[in-house]
Amino acid sequence: MSKQTAVRHREIGLSDEQVLDMYRTMILARALDERMWLLNRAGKLPFVVSCKGQEGAQVGLAFALDPTRDYVAPYYRDLGVVLRFGQTARDVMLSGFAKREDPNSGGRQMPGHFGSRKNRILTGSSPVSTQIPHAVGMALAARMRNERLVTYTSFGEGSSNQGDFHEACNFAGVQKLPVIFFCENNLYAISVPLARQVGCERIAQRAEGYGFPGVTIDGNDVLAVYEAARTAVNRALDGLGPTLIEVLTYRINPHSSDDDDRVYRSREEVDEAKQRDAIVTFGAYLRSTGVLTADKEQALLRDVEQVVDEATAYAEQAPYAEPQEALGHVYAQ
Amino acid sequence: MSKQTAVRHREIGLSDEQVLDMYRTMILARALDERMWLLNRAGKLPFVVSCKGQEGAQVGLAFALDPTRDYVAPYYRDLGVVLRFGQTARDVMLSGFAKREDPNSGGRQMPGHFGSRKNRILTGSSPVSTQIPHAVGMALAARMRNERLVTYTSFGEGSSNQGDFHEACNFAGVQKLPVIFFCENNLYAISVPLARQVGCERIAQRAEGYGFPGVTIDGNDVLAVYEAARTAVNRALDGLGPTLIEVLTYRINPHSSDDDDRVYRSREEVDEAKQRDAIVTFGAYLRSTGVLTADKEQALLRDVEQVVDEATAYAEQAPYAEPQEALGHVYAQ
Amino acid sequence: MAVKLFIDAIRDALVYEMRQDDSVFVLGEDVGLRGGVFRVTQGMIDEFGASRVIDMPLAESAIVGVAIGAAAYGLKPVAEIQFADFIMPAVNQIISEAAKMRYRSNGDWSCPLVIRAPFGGGVHGALYHSQSVEALFYHIPGLKVVVPSTAADAKGLLIAALRDPDPVLYFEHKGLYRLIKDEVPDGEHVVPIGKAAVRREGTDITVITYGLMVHYVLEAAEELAHAGISTHVLDLRSLLPLDRDAIIEAARRTGKVLIVHEDNKTGGVGAEVSAMIAEEALYDLDAPIARLCGPDIPAMPFSPTMEKFYMLNPAKIADAMRTLAAF
Amino acid sequence: MAVKLFIDAIRDALVYEMRQDDSVFVLGEDVGLRGGVFRVTQGMIDEFGASRVIDMPLAESAIVGVAIGAAAYGLKPVAEIQFADFIMPAVNQIISEAAKMRYRSNGDWSCPLVIRAPFGGGVHGALYHSQSVEALFYHIPGLKVVVPSTAADAKGLLIAALRDPDPVLYFEHKGLYRLIKDEVPDGEHVVPIGKAAVRREGTDITVITYGLMVHYVLEAAEELAHAGISTHVLDLRSLLPLDRDAIIEAARRTGKVLIVHEDNKTGGVGAEVSAMIAEEALYDLDAPIARLCGPDIPAMPFSPTMEKFYMLNPAKIADAMRTLAAF
Ligand SMILES: Cc1ncc(C[n+]2csc(CCOP(=O)(O)OP(=O)(O)O)c2C)c(N)n1
Ligand SMILES: Cc1ncc(C[n+]2csc(CCOP(=O)(O)OP(=O)(O)O)c2C)c(N)n1
Ligand SMILES: [Mg+2]
Ligand SMILES: [Mg+2]
C-alpha cells in the first residue's frame, strides 16, 4: 500500500485511535462469531447466525453514527453495529446461550435478535424487513420531539424485496426523515443469488423511486463506507432526508448454523471472497500506515481472546430463566 | 391543429376506423360514467366510482392490447379498458345496479370491481394493488404454457406505494415476464396529493429498481399512450420483459360518489384539467383531421346515448339475486 | 354530560387526549384535510397541524410499522386504517411486531399503539367495506381488542386505549357512527379495557354480544319482554381480554345462553365465549349454548337482497331468542 | 406400501402429482438447489427444472400473489412459505384474494392454490420459527385448512389438496418431519379433506386433537390404558372444514371431552370444537369440555427451560386426561 493512501483515514478526519478502535470492533465481532460457531459445532449452542465477512462494512457505517444520540434497528448479522452501540461480549454470549441475563431478550429469542433500550438498539424479530418502518417511525418521532438525531436500519439485499422496505422508504422520502437505510448486499439470500433475487443491478438504484440518494460502496473498504455514512448522517441531520447505502459484501459462512452452502455456491468463490475480507485488508492497511504495530496487534488479539473467553465462561455458567418466566411481559404488569 | 399532426395516427399505424373506434370507446365510457353518477345522485345507485378524465389514457393503452389474446387485471377506474375487452354497456349497468345478471359478480361487488373470464378480465377486489402480483402470475403461467401474450395491470399512483406493487414488479423484472404495469397518475389518492404520497417525482422512476424501462406519458395524449403501450407490448412479446407506463392524468370527479373533493382541491384546478381532457382534445384532433365529421359525430353520440339508455332500462328492471344465493360459490359445488 | 353521536364521541376522545398529552398523534389515509373518509378526524388538522394529524401514503403496513417505531420511541400514535378490511396488509406488523415487542425484549421495549378501524356491514359496503375482522386478532396474546357499542363507551374505551401501555385495536362499527347517540360525560371519562357491561337485566335467557348487535339484541329483548320473556344482555366491549367473570356470571344468571355476532360463525369470538362457558359453567346450563352469527361465506355481498340476507337484525335475533327461551 | 418418513411422504406427493399433471409447480424461497430449508423439495429441481421449481425473491406476498395469478390462469401452484410464522406478510393475498376469488366473481373465476407451511415448536425455533398459525385461517370461508399427523396422511392430504378446486392451506408440523414414519401407500393415495380420523377407540374419555399432538395424546392414552382408563382419540386432520359429525360422534362416545392443541388457547381451534359440542351434544356430556393448549403468550421462547414450559408433552396431557377421567 503506497504512502499516498497511507494517511487516508486522517485525510477523512479519523484519528489513529479511532481507526484502531474500528479495527478492534471488527476483530471482536469476528472472534465472537467464530467462537459461537465453534460452540454450535460442539453442540453447546443450538443456533448461530454469522456476521463473518460483513464486519468491516458494519463497523465503517456504525462509526459514523453516534451511539449516545442515534437509534439503530439492526438486522441479525449486525454484530459489528451492536458492539459499537455498547453491547458487550458478555451480552452477546449470554444471548448465544439463551440465558436469563441476555439483555436482548432474556433468552427468549435466538442470537442475532438484538435489542436493548440502554444501548439505543430497537428490539428486532425474525420476519425480515419489519424493522425498516420502525426506524422510520423512530425518526418521525424524534423529529416531533425536536431531537436532532439519525436512525439507522439494515437488511440484506434479499430483504429489500419485501413490501415493508418499499413502503418505509417511500414514507421516509415523502417526509425527508433522518434515516439511513443500510443494505448489506452479500450476494445471497440463503441460497438464492442476486440475479434471481432482484430485477435490478444494484439495490441503490431503488432510492431514486423514493426521492433520495442511493449509493453503492465496496463493503470491504471500511473507510469508504465510513465516508458514505458520514455524508448520509450529515444530510439527515441537516434535514435533507434519508440515504440508501448499499455495500457490496460477502457472507463467508453458510447462512446460519443450520445451512449447508455447498449446494449453492462453489468453494472457489468463497475462498476468493476471503481474500477480499475487510479484516484482512483493513488490517494490512493499518499495518502499512504504522498505526497497527506488531505489539499493538498482539495485545489487541490477546485482549479480544481473553474477553471472548471470559464472556463464554460467564455465559455458559449463567442460569436459564425459570420455566414460568415464560408467562411474563405479555402486557405491562 | 396543423396538417402535419393531422395524419399522426396514420403515421403510427392506426387507421381512421381504429381511431374512431377508440374515440367511440372513450365516449361510451364517459357516457356510462356520467349516467351512473346521475343515477347515484338520483338515489338509484348506492355507489359509483368514476373514470372521468382517464378514459383517453385507458383507451390509448387498451388498443395496443389484443382482447382475444391478452389478459387484464384492471383497477376500479378502468372502464375504458374493460369496454375494449368486451364488456358491454349492459354489463356495466347491471353491475351498477348490482343485479343478478352482472357478469362481474352477480351483484356481489360494487361497480368498478371488474372480472369476467370470457372477456379475459381477471376478477378484482377493493384492497388496492393486490391485482399487480396476479397479473405477474398470469404472465408466468402463460409462459409456462408457451402462450405468447401480454398481461396488463393498472393502479393509481397512490397504490404504487403498496408493498404488493414493489414485490410484483421485482419478480416480473427477475423473470422478464410479459407484463405491462400501467400507473394512472391522477395526482390524488382520494384527498392526498402526489407530493405527500410519493417521495419521487415520477412513478416511472421506480422501474429502474426492478430492471425494466419506465416511461411517463401525457395521459391526455391518446396516441402517445398508444405508442408507448405498443412498444411495451412488443418488448413483452419478444421476451424482453415488463414495462412500467405512467400516464399523467386527472380525475375530474370526486374520488367516488361518497367523496367531496372541495375540501382538498380548488375548483380552478379541476376546471383547468377539464380543458385538457382527452375527450375534448382527441375529439378536436379527429375533427381537424376530417376523420370525425359532424355527421359521424352526431351518429356516434346518438348511438351511444341509445346504448346507455337501453342498458340503464334493462339493468334497472333486471332482478336482484335471490337472498339465499349469497350462500353459493364459497367453494366449488 | 351531553348527548352525542357515536362518531363525535370518538373525535372527542382524540381531541381531549391530544390536548393534554402532546405525545398523542394520529396518522392514516386522508385523516388530514379530508378528516377521514367518515369524518372522524374532521377539523383536527386545523387544531393540531399536519405534524400531529399525518396524511399517510397508501400503504397500511407502513402506517402501522411507522406507528410502531414511534410508539417504541415513546410517543402515542393512533393509526387509522380506513376500513377494517384493509388491515390485512398490516397483519405482519400487528401480529409479528406490535404484539410481541414487549415479550420478545423481556419487557425492555414496548409498543403503546392504538389502531382504529371502522368495521361491519349493513351499509352497502359490499365484500370489502363490510367485514368484521376481530377474530383474526382476539387470538393473539400481546394485543388488546375493544369494540364499543355506545357513544359513552366509544369515548371511554378510546381514552383507556390511548393510555394503555400496550397495543390496542379499537374497532368501531361504521353502522353506529350516526345511528347511535347517548349521554357522554364531558372531559375525563375512562372505561377500563377488559370489563363487559350488563345492558339489560333479565332472568329467562342470556344474550352475549358486542358492537352494533348490542342494539339489535336490545330491540329484540324489548319485543320479547312484551311476550313475557326476560332477557339478560351482556355487551362484551372488550374481546381481548374477554371478561371471563362477567361471561360466566351472565351465563349462570339464566342458564340459557345465546351468543350473537355479525362476523361469521366458525372460529368467531362466539366460539371462545361458548367454550369458556362449556368449560366453567356447564352444570349451570339449561340449554345448549346457541350462537347466531353471520353465515360462513367469504364476505357480505353488495346487492340489497344478499346483504340483508347476511346481516342479522332484531327480527332474526328475536326468533333465536324465542327458540332458546322455549327450550 | 412402504414405511416412510413424514417429510418424504410430502415430497412423494409433490413428485407423484407433478409427474402426472404438468400444471403443478412449486414456488418458494430456496426451494430450488437448496431443496427448501427442511429439504422437502430436495432433488426436485433436477427432475422438473427451474421453471417448475421456482426460487422466489424474499417476498411472501408476491409468492402467494403470483401463485394466485397462476392458479386463476389454470395452473396448480404449490407455494411454500419457509416457516408458517412468515405467512403474515401474505395474509392480505390469502384472505382478501385467494379466499374470495370464486365468491366475488360469482363462480366465474377460481383459485386452485396450495400453500404449504411448516409450523409448530419444540425444535429450538424460538418466537418466530415455532408458531402455530392455523387459528388465523380456519375462520375464513373460502379457504380449506389441513394438518396431517401421519406420513400416510401427509401424502394423501397433499394429493387431495393438489386436486382441490379451491385454495388449501397445508400446515406440516416440522417436529414430525423426521420423527414420524409409517406405512405410506405407493402411487395413488388420496385422503379426503374434511374427514377426521379415529386414531384409537375408547370408552372413558375422548381426546380431540391434530398435528404433532396426536402422537403425544396417543402416548398418553397408552399410559392411561395401563391404569385402566380407555381413551378415544380423534385426529381432526382438517380444520376447515371441521368434521362436525365425527366431532359430535366422538364427544357422544364417552361424554367426556378434552381438546388438545399446541397453539395458544384463547380463540384457538379448540374453541370452535368445544362450541360445536356445546351446541349439539350438550346433553351427552358428563363433564365440562376441557381444553389443554399452549399458554396465552405471544410465542414460544428459545431457552430450553421456557420452550419446554410452553410445549405440551405426553405427561402434561396424561395429567389432564386423568383429571377428566376422574371427573
Ligand atoms: C418474512 C421472512 N421470510 C423468510 C424468512 C427466512 N429467511 C431468513 S434470512 C433469509 C434470507 C435473507 O437474505 P438477505 O436479505 O439477503 O440477508 P442475508 O441473510 O443474506 O444477510 C430468509 C429467506 C424470514 N426470516 N422472514
Ligand atoms: C389496501 C387499501 N387501503 C385503502 C383503500 C381505500 N382506498 C380506495 S381508493 C384509495 C385511493 C387510491 O388512490 P390511487 O391509487 O392514486 O388511485 P385513484 O383512486 O386516484 O385512481 C384508497 C385510499 C383500499 N381500497 N385498499
Ligand atoms: Mg444477502
Ligand atoms: Mg390517484
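At a 4.5 Å heavy-atom cutoff, the contact between A/L140 and chain C is made by side-chain atoms alone. For C/D164, no part lies under 4.5 angstrom from a heavy atom of chain A. Looking at C/N92, the atoms closer than 4.5 Å to chain A (heavy atoms on both sides) all sit in the side chain, from C-beta outward. For a residue to count as touching a neighbouring chain, one of its non-hydrogen atoms must lie under 4.5 Å from one of that chain's; by this rule C/S61 touches chain A with backbone and side chain alike. For A/L177, no part sits under 4.5 Å from any heavy atom of chain C, backbone or side chain. Heavy atoms closer than 4.5 Å to chain C are found in the side chain of A/Q175, but not in its backbone. The contact between C/L143 and chain A is made entirely by backbone atoms, counting heavy-atom distances below 4.5 Å. Only the side chain of C/P165 comes within contact range of chain A, with at least one heavy atom under 4.5 Å from a heavy atom of that chain. Heavy-atom distances place both the backbone and the side chain of A/A142 under 4.5 Å from chain C. There is no contact between A/S126 and chain C, counting heavy-atom distances below 4.5 Å. Residue C/A72 touches chain A through both its backbone and its side chain, counting heavy-atom pairs closer than 4.5 Å. Heavy atoms closer than 4.5 Å to chain C are found nowhere in A/A139, neither backbone nor side chain.
Note: A/S105 leads A/S105, A/A73, A/G107 in heavy-atom pairs under 4.5 Å with chain C. The most heavy-atom pairs under 4.5 Å with chain C, out of A/G124, A/G115, A/A326, come from A/G124. Considering only heavy-atom pairs separated by less than 4.5 Å from chain C, the leading option among A/A172, A/A135, A/S116 is A/S116. Counting heavy-atom pairs closer than 4.5 Å to chain A, the top-ranked of the candidates C/S110, C/P77, C/S23, C/P89 is C/S23. Comparing C/P167, C/A70, C/S51, C/A67 by heavy-atom pairs within less than 4.5 Å of chain A, the highest count is held by C/A70. The greatest number of non-hydrogen atom pairs below 4.5 Å with chain C, out of A/M138, A/R117, A/E167, is found for A/R117.
The NE2 atom of A/H329 lies 8.5 Å from the CZ atom of C/R102; values are rounded to the nearest 0.5 Å. Atom OH of A/Y331 sits about 10.0 Å away from atom CD1 of C/I193, to the nearest 0.5 Å. Note that OG of C/S105 is 10.5 Å distant from CG of A/D102, once rounded to the nearest 0.5 Å. Residue A/R100 holds its CZ atom at 8.0 Å from CG of C/N106, rounded to the nearest 0.5 Å.
Contact of the A/N104 side chain with the C/R104 side chain is not registered, since no non-hydrogen atoms from C-beta on lie closer than 4.5 Å. Contact annotation: the side chain of C/I68 never approaches that of A/P133 to less than 4.5 Å [non-hydrogen atoms, C-beta and beyond].
When all heavy atoms are compared, the tightest approach of A/V330 to C/D166 is O-OD1, 4.5 Å. Contact between C/D108 and A/P103 at its shortest, heavy atoms only, is OD2-O, 4.4 Å. Nearest heavy-atom pair, A/T130 versus C/Q93, reported as atom, atom and distance to 0.1 Å: O-NE2, 3.2 Å.
A donor and an acceptor atom, one from each side chain of C/E97 and A/S125, are located under 3.5 Å apart.
Cation-pi geometry between A/R145 and C/Y73 is not satisfied (NZ or CZ under 6.0 Å from the ring centre, within 45° of the ring normal).
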